[in-house]
Amino acid sequence: MVGHISRPGAEARQGEVFALEPVAAARALIGWTLTVDGVGGVIVETEAYHHEDPASHSFSGPTARNAVMFGPPGRAYVYRSYGIHWCLNAVCGPDPGSAVLIRALEPTHGTEIMRERRGVEDVRQLCSGPGKLCQALAVNRALDGARLDAAPFEMAPPDREPALVAGPRIGITRAADLAWRFGLKGSRFLSRPFPQAR
DNA sequence: ATGACGATGCACT
DNA sequence: GTGCATCGTCATG
């Protein structure tokens, strides 16, 4: 079973989000539902990567790997991490070379398929990390450059403006001080907790 | 041709 | 909390 997730006006709102600069886009994407062939869930964690950001793959200019980042917004940029995992980004921004890393989903669609693909039962372990969610949604190199507004992708906006939390990005060494990681406040499906605001 | 380096996840202490 | 598998990508010779 593959339930559609479309809502009225979703396409226009999607175009608006992907036109934003990456920090704004990363914030705006929290709460959207993302599926691949009907399997997926609600985006609860993102990170922004700006073209002038030393932590971004695009920082040193176009290469074979990051070419999609320099193309039109609204496409998937998929890359291999640590030779093992895949990671999914949404290309965004008015300027070339910006993207939003999708870091975690709250599983809502096709959870049994995700359990099979991940080999774990716990719903909190299905999509709580960029590599995990790509395994759960069967995202790989074949989807690098694919449009996010067409099959097999489908995206639907949140009904209400979600409450956000922000913090430093995970797993990077450069520009590690920037608070460009965003999460759905109170979500139990994050890859890691956010540092407490003090 | 070769070497350094990860936008990670998992097992283990 | 720490250790590390594993390999594509990119810079260098």
Side-chain angles (χ1 to χ4, degrees), chain A residues 18 20-30 34 41 43-71 73 75-93 95-107 114-146 148 165-184 187-196:
Chain A
F18 294 136
L20 298 170
E21 54 85 21
V23 173
R27 298 178 62 97
L29 281 168
I30 299 293
L34 168 70
I43 298 172
V44 297
E45 184 180 336
T46 60
E47 282 178 1
Y49 287 91
H50 190 271
H51 65 285
E52 292 178 345
D53 163 18
S56 175
H57 288 173
S58 61
F59 181 66
S60 297
T63 65
R65 175 178 67 160
N66 67 20
V68 171
M69 289 185 82
F70 292 89
R75 306 292 181 108
Y77 165 48
V78 180
Y79 71 92
R80 184 98 99 160
S81 178
Y82 288 87
I84 307 168
H85 313 286
W86 297 102
C87 291
L88 171 65
N89 298 255
V91 178
C92 70
D95 307 309
S98 295
V100 175
L101 174 66
I102 311 299
R103 286 195 55 90
L105 306 180
E106 175 177 344
M114 291 193 260
R115 283 190 172 95
E116 291 170 17
R117 290 173 176 166
R118 291 273 301 123
V120 296
E121 287 297 310
D122 183 359
V123 68
R124 292 176 63 173
Q125 291 302 316
L126 297 180
C127 298
S128 54
K132 294 179 185 179
L133 76 87
C134 282
Q135 185 180 27
L137 274 59
V139 171
N140 57 45
R141 163 52 50 77
L143 290 175
D144 187 39
L148 290 166
V165 289
R169 294 175 291 182
I170 292 180
I172 58 170
T173 56
R174 305 198 284 181
D177 53 318
L178 297 174
W180 283 4
R181 174 186 178 222
F182 303 98
L184 178 63
S187 174
R188 299 166 52 250
F189 298 91
L190 303 172
S191 67
R192 295 182 40 179
F194 279 76
Q196 294 292 350

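- Contact annotation: His57(A) side-chain N/O to dA7(B) OP1/OP2 distance is under 4.0 Å.
- In this structure, Phe189(A) CZ and Arg124(A) CZ are separated by 7.0 Å, a value rounded to the nearest 0.5 Å.
- Under the 3.5 Å distance criterion, with hydrogens and angles disregarded, no donor-acceptor pair is assigned to the side chains of Gln135(A) and Arg117(A).
- The nearest whole Å value for the distance from the NE2 atom in His51(A) to the P atom in dA7(B) is 19 Å.
- Mapping Gly129(A) and Gly83(A) onto DNA chain B via the closest heavy atom, the residue that lands nearer the 5' end is Gly83(A).
- In this entry the distance linking NZ of Lys132(A) with C1' of dA11(B) reads 13 Å, nearest Å.
- The side chain of Ile170(A) lies closest to dT8(B) when the candidates are dA7(B), dC10(B), dT8(B).
- Gln125(A) has its CD atom 13 Å from the C1' atom of dT8(B), to the nearest Å.
- Here the side chain of Arg75(A) pairs no donor or acceptor atom with the backbone of Val91(A) at under 3.5 angstrom.
- Remark: P of dA11(C) and CZ of Phe59(A) are 13 Å apart, rounded to the nearest angstrom.
- Contact check, Arg192(A) against dG1(C): no side-chain N or O comes under 4.0 Å of OP1 or OP2.
- The stacking criteria are not both satisfied for Tyr82(A) over the base of dA5(C), which would need a centre-to-centre distance under 5.5 angstrom and an angle between ring planes under 30 degrees.
- In this entry the distance linking CH2 of Trp86(A) with P of dT9(C) reads 7 Å, nearest Å.
- Both geometric conditions, a ring-centre gap below 5.5 Å and a plane tilt below 30°, are not fulfilled together for Tyr79(A) over the base of dA7(B).
- Asn66(A) has its CG atom 11 Å from the P atom of dT9(C), to the nearest Å.
- Shown here, dA7(B) forms no base pair; nothing in the strands shown gives a Watson-Crick or G-U wobble contact with both key distances under 3.5 Å.
- Of the two residues contacting DNA chain C, namely His85(A) and Arg141(A), the nearest-nucleotide position lying further toward the 5' end is that of His85(A).
- Checking the phosphate oxygens (OP1, OP2) of dC10(C), no side-chain nitrogen or oxygen of Arg80(A) falls inside 4.0 Å.
- The phosphate of dT8(B) has OP1 or OP2 within less than 4.0 Å of a side-chain N or O from Arg103(A).
- Computed from coordinates, the Ile84(A) CD1 to dA11(B) C1' distance equals 13 Å when rounded to whole Å.
- Residue Arg65(A) is classed as a sugar-phosphate contact, given heavy-atom separations below 4.0 Å to backbone atoms only.
- When rounded to the nearest whole Å, the span between CZ of Arg124(A) and C1' of dG9(B) equals 17 Å.
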